[in-house]
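Indexing begins at 1, ligand by ligand and atom by atom, following the structure's order.
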Amino acid sequence: MKVCTVRGIHIGEGKPKVCLPIVGKNEKEIIQQFQSFQGLPYDVIELRIDFYQEIRNSSSLKSVLQKLRSMTDLPILLTYRSSREGGQMQLSDEEYQTFVKQACESQCIDLIDIELMSGNTLVFQLVEIAHQNDIKVVMSNHDFDKTPCFSDMMNRLEQMEILGADICKLAVMPITYKDVITLLNMTLEMSHKLERPIVTMAMGKIGVISRITGELTGSSMTFASAGKISAPGQMNVIDMQVLLEAIHHD
Ligand SMILES: O=C1C[C@@](O)(C(=O)O)C[C@@H](O)[C@@H]1O
């Protein structure tokens, strides 16, 4: 597995990197949430821009990205999560493309989430826009209803790599503990098979274990919370670091 380095953070090496999501609906809330992270042990900020009410307004979008950039040197991952995949809103294909272009051209972000299921042509175009602007692509897929079978999950991660992902991310919903074990096994296998770092998680209460075992299975990043969660099962960032450290070995 190759390492993806962003602003000196090596994703895919050592302990899984901890990402904290911001879920503010306006600029004030976004900045307040970011400020509340001060002093906490984390590596990457995720701005969940589907929560932001002004996502379609290019000057507001630019302004919020510029403000956040001016406040931190940590890597910023910008994520628009469609309602199809558990997010807060649905952009049309055209709007999605415009949004990705504006965000990447702002030069205020380091990584951008692109949903695998947006359709190959659109995904290809979005990856191109990101890479032209030196932004890394976290390609993602979410199943909030179930855990797909082993081979389906493998295929999705493989497809992400083929489509140009720099990091391949899969989040699923387990119904049973067996689903969680299936995800962990699949992660272990794919972390050896793929060239790109992978990120996986089983959401919800019964999937919590999957958020701390990345060093064993090869999942290179994990999402925690500092107050507001962006997905079910995220644990507090301080508890998370204690557990990651307990598992960590050289
Ligand atoms: O894709 C992911 C992972 C996630 O869904 C989780 O389960 O922690 C949280 C989201 O904010 C992020 O974009």
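For the pair T79 and ligand 1, the shortest N or O to N or O distance does not fall below 3.5 Å. Ligand 1 has no nitrogen or oxygen under 3.5 angstrom from a nitrogen or oxygen of D113.
Atom 7 (O) of ligand 1 has as its closest protein heavy atom R211 NH2, 2.9 Å. Counting only heavy atoms of the protein, atom 13 (O) of ligand 1 lies nearest to E46 OE2, 2.6 Å. The protein atom (non-hydrogen) at minimum distance from atom 2 (C) of ligand 1 is K169 NZ, 3.1 Å.
For the side-chain contact (heavy atoms from CB on, under 4.5 Å) with L20, the lone residue among Y42, F34, F223 that qualifies is Y42.
Near R48, meaning under 4.0 Å from one of its heavy atoms, ligand 1 places the atoms 10 (C), 11 (O). Remark: ligand 1 atoms within the under-4.0 Å shell around heavy atoms of M203 are 7 (O). Which parts of ligand 1 touch A231 is read off a 4.0 Å heavy-atom cut-off, strictly below it: atoms 4 (C), 5 (O), 6 (C), 7 (O), 8 (O), 9 (C). Listed by atom number, the atoms of ligand 1 under 4.0 Å from S230 heavy atoms are 9 (C), 10 (C), 11 (O). Heavy-atom contacts of Q234 reach the following atoms of ligand 1: 6 (C), 8 (O), 9 (C) (cutoff under 4.0 Å). In the vicinity of H142, heavy-atom distances shorter than 4.0 Å reach the ligand 1 atoms 1 (O), 2 (C), 5 (O).
Counting only N and O atoms by type, the side chains of S59 and N57 include a donor and acceptor under 3.5 Å apart.
By the 6.0 Å contact criterion, OH on Y177 is open, its count of non-hydrogen atoms from other residues, nucleotides or ligands being 12 or less.
In this structure, S225 contributes its side chain and K228 its backbone to no donor-acceptor pair below 3.5 Å. The backbone N or O of L244 lies less than 3.5 Å from no partner atom in the side chain of E215, so there is not a single donor-acceptor pair.
I181 and M201 are members of different hydrophobic clusters when ILVMFWY side chains are connected at heavy-atom separations under 4.5 Å.
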Side-chain donor/acceptor pairs under 3.5 Å, residues 203-211, sequence neighbours excluded:
unit_1 : atom_1 : unit_2 : atom_2 : d
S210   : OG     : A202   : N      : 2.8
S210   : OG     : A202   : O      : 3.3
S210   : OG     : G207   : O      : 2.7
R211   : NE     : G233   : O      : 3.3
R211   : NH2    : P232   : O      : 3.1

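Going from atom CE of M240 over to atom SG of C19 covers 10.0 Å, rounded to the nearest 0.5 Å.
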